[in-house]
Structures are given as structure tokens and as C-alpha cells.
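The structure appears below as C-alpha cells.
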Amino acid sequence: MSDESPYTLQRDLEEDERHAFWADIVADRVESRDPDEPIVVKGGISPSGVPHLGNVNEIMRGYYVAEVLRERGHEVRQVFTADDRDPLRKLPRTLCDLEGNLVDLGEVDAGALGRNLGAPYTDIPDPFGCCDSYGDHFSTIIQDSADAVDVPIDLVSNTEMYENGDLEEVTRFVLEHRDRAREVLSAYQDKVDEDYVPFNPICEECGKITETVTSVDLEGETPTVEYECTDMDAGDQTIDGCGHEGTATLREGKMPWRFEWPAQWQVLGVDFEPFGKDHAEGSWPSGQDVARNVFEIEPPVPMVYEWFTLEGQPFSSSEGNVILVSDVLELLEPEVLRYFFAKDPSKARDFSIERLDQLVDEFDRLEAIYFDEIEADEDEAAFAERVYPLVVEEPREERIRLPYTFAAVLGMFDDPDLREDVARKEGHIPDDAPEWAVEDALARVEKARNWARRTANEFDYELKRTEIPDHDFDAATEDALAELADFIEAGHEPDEIQGEIYETAKRHDVDVGDFFGAGYRLFFDEDQGPKLGPFLAKVDREFVVARLRRER
RNA sequence: GGGCCGGUAGCUCAGUUUGGCAGAGCGUCUGGCUUUUAACCAGACGGUCGCGUGUUCAAAUCGCGCCCGGCCCGCCA
């Protein structure tokens, strides 16, 4: 088979290859290769630092293909490699603890990390002291992220695969055929010369990964290499080698990435792997060449996905432009996040917290289309029909979704009963709704409340119930407030109260805008707020009256 | 400089394979909800489909040339 474009979703398709959902296109290609069961879908990242939402591509894109294949009756294993034998090449400026809180490098033992530059992630102590190693720390967060979006991954440590011998045979193979390996890779990398050896041992003296192998001995019972611990280039800086000369087994080191990746394909039997566009023009061409012409295996079905941005900017933990799965799930339901990753992977997208309501609205629409509650054109309907069941745990028609911004409005009340009451009065909860549906619907209020807080947007108001905000009104305003209190005490409808606010202000010759401002001050300690009449009508009357009289 | 991917309404995006009326949601505006104060309802506005060019009865869609953005073409992953 000749070179294969990794842009699997961007190829021209025949009539019978078209699908509403991209994962079906990939699944077709996987099936057409008649793979052994279980079919293996792989992803992987290097646990080098904060695992942000962008890394979730690596989990979710594979997941949809895995699910589609399962639906078609296949047994599927979704493997995720933590490429944790990779060396730490530079100090991250920002880390995060297991709860996802960002932590500046200065707050941990930076010296300990600095001394470990060049060493495998799994050999570096966890700066937080909670896991077995640096690599383990971040792998744990990756696993937690997958769990949080309910994706069953089989997390495999690359270090473990070397140490337990799973990669030994293939490492031995590539060393045995290192002439061929050199020949193939030299077409992609200039530095590959006749001294190049596709194995980097770990220095037994200083623990760093070294690139200088001086001889290879595959004859003995345990194959080994001899090495000299030399300097390593890492970006613009150099990590010093210690000069030690020693011997390492094939379990005590790693293959360079260009060989390691295809080696993983072989050992794990990978049938499909999605990867970011950074791999599309470099790693993938060499990877498939190495797979076919060094290891003599067929590379997996590839799929390039576009990166997305956060608030229009690239993800960057050091710049603080980063968000973790755990953060996102405080703002919306897992199924909404899963929906985000069901969208076309070949389009670059922006994940905007600022406009998160749009994403949630989109999801709600998908759901409503699926249940035939609203009209949609053919394409959108076909997409909803196919994708919705894969996005939610279980399609249930009786479920209720409060519109996200409405949920944000309800978030201004801290009283759960009041929230439900208002949602019912506004017609968002039907009378015959089952209890679980009401509970689930109201759970969104907390999410939307967090969103309002986080973005400090126009919904970020909080009823100041416990104590009266500082205020300073003139006599006319105070009189007007007292009169309004009497009116409300007498009991009136929301729209009557709204009208009365105007009337009261006019009667006392108070500017209407200022009078509303006084109300917002008293209840929210803000200049602005929600539509005041209906709002006051919904909060318990006793409190409203007392607050208007500035008694508490 | 070369290769690849993307560019559709103010925003987020469908539609591009198979050429056939330019689409949705949000936002905006107007109106309604008996009264400028953000929840609800209705309607309207909104477009050089990145630009140019070719093919065609017909181009967002196909060809060619360009522009802009991103990725790769050292190393590493």
C-alpha cells in the first residue's frame, strides 16, 4: 500500500461512503481492513504538564469511532498511552494539582524539577508529593478527565511497557535492522547519519536520557547497548550530560518518537489513531513509512484533527489561557462537552467560556431535533438522529432543559424552592414532569451560576439576603421605597409591581432610572439587575418588604 | 521559500464530495407582554460565501492564480 493521506475526513468520498457523522466514515475505513478483534483505537499524550481541554481531542475523537464500531457489533479496546518515558525538556511555568488548581512553578520545589531536566517523567518525583512520579501525577489527571466524560480508556504507561518487556522485542528488532531504520528515517530527518542508533538509553549515573550509543550488542542473552552520556539539545538550551560511559538493556531507555510511535502500533495492534495537525506533515509520513518498511506492519487508519482555541487564543498554561475538563464540568453537563467533540474534527473551533450559552443552546437544539420537538433541515436532522444517542448516556424524552441563560437568571436566587417555583411559573417545567427530570433540570442552575460568576457577566447578580448593602438615598427616594413596600405588602402580581415602580418614582419626582438603581442597590448591591418587578414578586414577600424599608 | 489544512451574516457554525433560490441559532433592531431596566412571544434587518479568473444554461460548491490565518518542512514529542 502506498502513502496514505492522514486527512481521512477531507478526502473525496464515493456515494456509499458518505455519512452524517464523521466517525462513521472512519469506522468504514477501519472495517474495510478486516481487523482482528478486539479492534484497537489509540490516543496518547506526553504527561508533560497541565492536561487541558485541547488534549481531550485525543480521548474523545477516538471514543466516537470506538463507539460506532461497538454499535456495529465489534469488540473495541480504546487504549491511551501516557508517553511518560519522554524526558522533561524544559521547566513548565505552570502546573496543577489533582483537583485542577493551577499552581505556579515557584510554589513547588522548582529546584528538584530543574535537576531532573532530561530525565523521563516517570523518574521525576511528583512536585505535589501525591503521586509516584511527575508523569504519574499528570497521567492521573488524564484518567480523571476521561472518567469525567464517561469514556472508558485503557491507560497504558509507556514506561511500564519498556520496563515489563512489552516493547523489548520490537526495540531489539529495530536495532537489529538499524541500517534499514536509518535509511527510512533519513528521508525525513537530516541528522540521521551512519552513527545514528534508534535507541536512547537512560544514564545509570545521572538518570537522563542520552542520545549517544557507541555500540550495540544483540548477541547475549540480554541485549544491551553501550553509551556515553552526552549533552542534549532541548529547544534553545542544552541539557548537560554527565559524561558517564555505561551499558543499558533495552528496557532501560526508549526509542526516539519516530520509531516509538510505530512500535506502539505494532505492540498494541492499533487499528485507528487520531492525532493533531502538528503530526500530519511530520510524524505521520515518517511513521507510516517506518511501519511498513522497518516493522513491516500496516499503520493504523489515521485522522487529523484541528486544534481549537480558548477564547480565541491558543491553549497555554503558562499564559493562563487554559481550562481543564474539571473546570468545564462546573459550567455545563458532561453531555454538552461530549457534543462539542462530536463536531467535525477537521474544522478549527473556538471554545468560548464567555459565550458558553451558545454551545449549550446548540446542544439543547440537537436534543430537541432528535425528539422531533422542533423542525430542522435534512442534514441537521440526520446529524441529530445519529449523534445524539452517542452523546448522552441514555436518551430520555421526558428530560427537561432550562435554557442556559434562564438558568443563569435563576442562579440569582439561592433558595432551591424559589428556583423551582419560578421555573414552573415561567413554563419551563411541565406540571407532570417526573421528579428526576425536575432535579436534573435544576442542576443546570448551579452550572449556569458558576458560569455567571466566572465570567462576571450580566447574570452575575446575587440576591444579598443576609445583610443590607451600603446605600445612601435622598428623602424622596426613601419615601418612594416605603410606599413601594406598602404596595408589595398588600400583595400584587409581578407586572403590577413593575408598573408600580414607575408610578411610585413619578409620584415622588424621583428619576425612574435612579429608582430602579436604588432597588438594585438594596437587593444586589449593583447598579443594574434583572427585571425588577417580576423578580421582587418572586422573592418571599416578607423579606422584600423589610428590605425596601431598610429594616434588614 | 515548499507542502498541508482552514476562510460562509456582527458572533458561533451548517451547507462544499453529487454545481440548481444563501441557511440556522445567538446577537441587533422593531413591536407585544397595559408604562425605557436584560427571563417570555412575534416580526424585521443582516451576505462581494477571502479576492480574481476560467468552465457552465447555472458556481459557496469544479479548475487555475492570488490574499489571510494555522500546522509542518531543524530538534523533540
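We name chains A, B, ... by the order of the sequence lines, and we start the count at 1 in each one.
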Phosphate OP1/OP2 of [N]: any [X] side-chain N/O under 4.0 Å:
| X | N | value |
| --- | --- | --- |
| K347(A) | rG7(B) | yes |
| K191(A) | rC76(B) | yes |
| Q189(A) | rC76(B) | yes |
| K343(A) | rA14(B) | no |
| K254(A) | rA77(B) | yes |
| R349(A) | rA14(B) | yes |

Rounded [atom1] spacing from [N] to [M] in Å:
| N | M | atom1 | answer |
| --- | --- | --- | --- |
| rG50(B) | rU8(B) | P | 6 Å |
| rG23(B) | rU16(B) | P | 15 Å |
| rA60(B) | rG19(B) | P | 13 Å |
| rG15(B) | rA77(B) | C1' | 37 Å |
| rC62(B) | rC5(B) | P | 13 Å |
| rC33(B) | rA42(B) | C1' | 11 Å |
| rU28(B) | rG47(B) | C1' | 16 Å |
| rC49(B) | rG7(B) | C1' | 10 Å |

Could you tell me which nucleotide pairs with [N] by Watson-Crick or G-U wobble geometry, both distances under 3.5 Å, or answer none if nothing does?
| N | answer |
| --- | --- |
| rG1(B) | rC73(B) |
| rG27(B) | none |
| rC62(B) | rG54(B) |
| rA39(B) | none |

Quiz item: Which of parallel (below 30°), tilted (30 to 60°) and perpendicular (above 60°) describes Y370(A) and Y388(A)?
Solution: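 If you compare the ring of Y370(A) with that of Y388(A), the planes turn out tilted.
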Nearest to side-chain heavy atoms of [X], which nucleotide of [options]:
| X | options | answer |
| --- | --- | --- |
| Y7(A) | rC72(B), rC5(B), rU35(B) | rC5(B) |
| E281(A) | rG3(B), rG70(B), rG74(B) | rG3(B) |
| S46(A) | rA39(B), rA77(B), rU12(B) | rA77(B) |
| R365(A) | rG15(B), rA24(B), rG74(B) | rA24(B) |
| Q10(A) | rG6(B), rA77(B), rC11(B) | rG6(B) |
| W307(A) | rG74(B), rC71(B), rC76(B) | rC71(B) |
| R258(A) | rC5(B), rA77(B), rC71(B) | rA77(B) |
| V512(A) | rU36(B), rC5(B), rC71(B) | rU36(B) |
| D278(A) | rC72(B), rG25(B), rC76(B) | rC72(B) |

Quiz prompt | Residue whose closest nucleotide on RNA chain B lies nearer the 5' end, Q358(A) versus Y461(A) | solution =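 Between the two, 5'-proximity favours Q358(A).
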Quiz prompt | Nearest heavy-atom neighbours spanning F515(A) and A480(A) | solution =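 That closest heavy-atom pairing would be CE1-CB, 3.5 Å.
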Quiz item: Is the shortest side-chain N to carboxylate O distance from R507(A) to E483(A) below 4.0 Å?
Solution: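 Looking at R507(A) and E483(A), the cut-off is met.
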Quiz item: Charged N to carboxylate O under 4.0 angstrom, R419(A) versus E446(A)?
Solution: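 Counted as a salt bridge, because a side-chain N and a carboxylate O are separated by less than 4.0 Å.
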Quiz item: Per the atom types in the model, does the base of rA77(B) pair as donor or acceptor with the side chain of S48(A) at under 3.5 Å?
Solution: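 There is none.
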Practice problem: Check if the side chain of E503(A) and the base of rU35(B) share a donor-acceptor pair of N or O atoms closer than 3.5 Å. | Solution: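 Counting by modelled atom types and ignoring angles, a donor-acceptor contact under 3.5 Å is found here.
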Quiz item: With a 4.0 Å cut-off on heavy atoms, is G499(A) in touch with a base, just the backbone sugar-phosphate, or nothing at all?
Solution: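 Answer is base: heavy atoms of G499(A) come under 4.0 Å of a base.
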Quiz item: D377(A) near the nucleic acid: base, sugar-phosphate alone, or nothing, with a heavy-atom cut-off under 4.0 Å?
Solution: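 The answer is nothing, as D377(A) stays clear of every strand by at least 4.0 Å.
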Quiz item: Can Y339(A) and E333(A) be said to form a side-chain hydrogen bond (donor to acceptor under 3.5 Å, both in side chains), step by step?
Solution: CA-CA 10 Å; Y339(A) 162 70; E333(A) 297 90 349; over 6 Å; no
Practice problem: Verify the ring-centre separation between F199(A) and Y227(A): is it less than 6.0 angstrom? | Solution: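 No - the distance between ring centres of Y227(A) and F199(A) does not fall below the 6.0 Å cut-off.
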Quiz item: When the ring centroid of F341(A) is compared with that of Y305(A), is the distance short of 6.0 Å?
Solution: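 Between Y305(A) and F341(A), which both carry aromatic rings, the centre distance is not below 6.0 Å.
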